[in-house]
Amino acid sequence: MEIRHNILQLRLLLVSVLFLAIGHAQGDHQHARSSAVHSLPVKNPEEMEALYWRENAQSTLAAKLAALELAHTKKAKNVILFLGDGMSIHTVTATRNLLGDSSAKVYFEQFPYTGLSKTYCINRQVADSACTATAYLGGVKGNYGTIGVNANVPRYDCKAAYEAANQVDGIAKWAQDVGKDVGLVTSARVTHASPAGVYAHISDRNWENDAEVISAQCDPEESIDIARQLVEWDVGKRLKVILGGGRQNFLNNTERDEAGYQGYRTDGRNLIKNWLADKKDQKASYVWSHKGLTQLDLDNTDYLLGLFASGHLPYDGDRERSPKNSPLADPSLTELTEAAIRVLSRNDEGFFLFVEGARIDMAHHDNYARRSLEDTAEFARAVQKAREMTSDQDTLIVVTSDHSHVLTVNGYPRREQDITGLADKDADDNLPYNILSYANGPGYAGTYTKTDGRKRVTQKHTEYPLYVSPSMVPLNADTHGGDDVTVFASGPYAQYFSGNYEQTNIPAMMARAAGIGPYANVQP
Ligand SMILES: *[C@@H]1O[C@H](CO)[C@@H](O)[C@H](O)[C@H]1NC(C)=O
Ligand SMILES: [Zn+2]
């Protein structure tokens, strides 16, 4: 019995080895056929030499050994969390090409430690920016659409989010409670889901103002909206730096903001005035323009509120393409990050800063691949600025994403091809196809004719900055993706961030590195 069983196993093994070998040979064969042109790689001739790759491996190894020797045994005085919203692995890979070549490094790819984070939420395999914000800032998973609360709070519930037992504390509070300064920077509205994770507890991410609470049939004096929580509640009130967009949620709809846009509130509150009144005995400044920001004495500012747009800040590519001296010109994410670090660095106890590159995600939702890569490039510049302004001996920088998107990189493009263009060869329908495409989203309309299969796309189409990439399934907005996202870390205890772990472990590891909050003293 035993012997027969073993023989059977051996046979199975042999068969599968054979099968694998055949599969391999066929795969190789197909691959050879599809890349029949044996042209020399024109991009980097030095790559032709084995020595090039040997030296590359040597310097990678040397850097790893140096990182290991650099024993980070000192606590992280400062922690900066950079969140590329929707910045999937494909997004980062494609951005290398936007920066010039596949071998280019998006700045934070130089960080010595990387890991993978699992982004699912309690009730969804594919998450949104709300439940993930609770995870990477508070260390607890909640329900899709909820922020700063555990999974006992169903989305849209009028009351459950206001019960203390359901509210999730996070790294912002842990840092404030030991005397560190805390700030947030985003290219979205400061009340949008990701930044709200720093300070809010709410059952629906859309309740950014009281009108939204009313339309959900809850009482706005009981279910306090996100903008009010930012100005009136414990963590929000103590934030030293708040930089982003979203004036509309701070003003009544009978008021207009500096650019002439109406507010969205209906309770008569002017939350910008309320914020200033609350801090009237401090050195507190409100600014609304790039010019206003550059004129501030940041080294003499205790509290800074900067709201640079009625809604979100522009896509970085569009900002770059727009006239520079317009009075409504917006600051870049890099400039905002620099201003935040200058204000927060004044505290000898250190700081926690959250920086979100929000529009990487929004561009993907519209299948604007190029805009998304441009925003990723700007996000990387902001990380670089932060790393250059701080020391890796006392400042931990963690770069990650909340969730993936359904963008793919495909079609064996030649090395020198622009990744936003067309694949090297036509598809089986004798039509060109794109290197970058989405599984779903509004790009469907430009991809298919009503009756005749795919539309013909030209290289010239793809070069338009606002070109909408193709998608397979028609959807008003592309969905997020469910694959893991990368975590990049540099600074004290960056080594914690290697491996594959729950997204909820990220704030725990940051807190352990800084010696704050409930994880300050975790021992092996
Ligand atoms: C705020 O807006 C609402 C709705 O338009 C309006 O009824 C109310 O009078 C306004 N409140 C103040 C104080 O202006
Ligand atoms: Zn999104």
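Just so you know, residue 1 is the first one in the sequence shown, and it goes up from there. Indexing begins at 1, ligand by ligand and atom by atom, following the structure's order.
Note on R96 versus D101: no salt bridge recorded, every NZ/NE/NH1/NH2 to OD/OE distance being 4.0 Å or above.
In this structure, atom 14 (O) of ligand 1 lies nearest to the protein heavy atom T254 OG1, 3.2 Å. For atom 5 (O) of ligand 1, the closest non-hydrogen atom on the protein side is N253 OD1, 2.5 Å. Closest to atom 13 (C) of ligand 1 among all protein heavy atoms lies G268 CA, 3.7 Å.
At least one N/O/S atom of D361, from backbone or side chain, sits under 2.8 Å from the Zn ion (ligand 2). For residue H480, an N/O/S atom approaches the Zn ion (ligand 2) to within less than 2.8 Å. For residue H365, an N/O/S atom approaches the Zn ion (ligand 2) to within less than 2.8 Å.
For Y261, the OH atom counts as loosely surrounded, since its 6.0 Å shell holds 12 or fewer non-hydrogen atoms of other residues, nucleotides or ligands.
A donor-acceptor pair under 3.5 Å is formed between the side chain of N97 and the backbone N or O of I419.
Judged purely by distance below 3.5 Å, without hydrogens or angles, the side chains of T132 and Q503 never pair a donor atom with an acceptor atom. For R205 and T146, the side-chain atoms include no donor-acceptor pair closer than 3.5 Å.
Within a 4.0 Å radius of atom 2 (O) of ligand 1, the protein contributes at least one heavy atom.
By the 3.5 Å distance cut-off applied to N or O atoms, N252 is counted among the residues near ligand 1.
By the 6.0 Å and 45° rule, K240 does not stack over the aromatic ring of F351.
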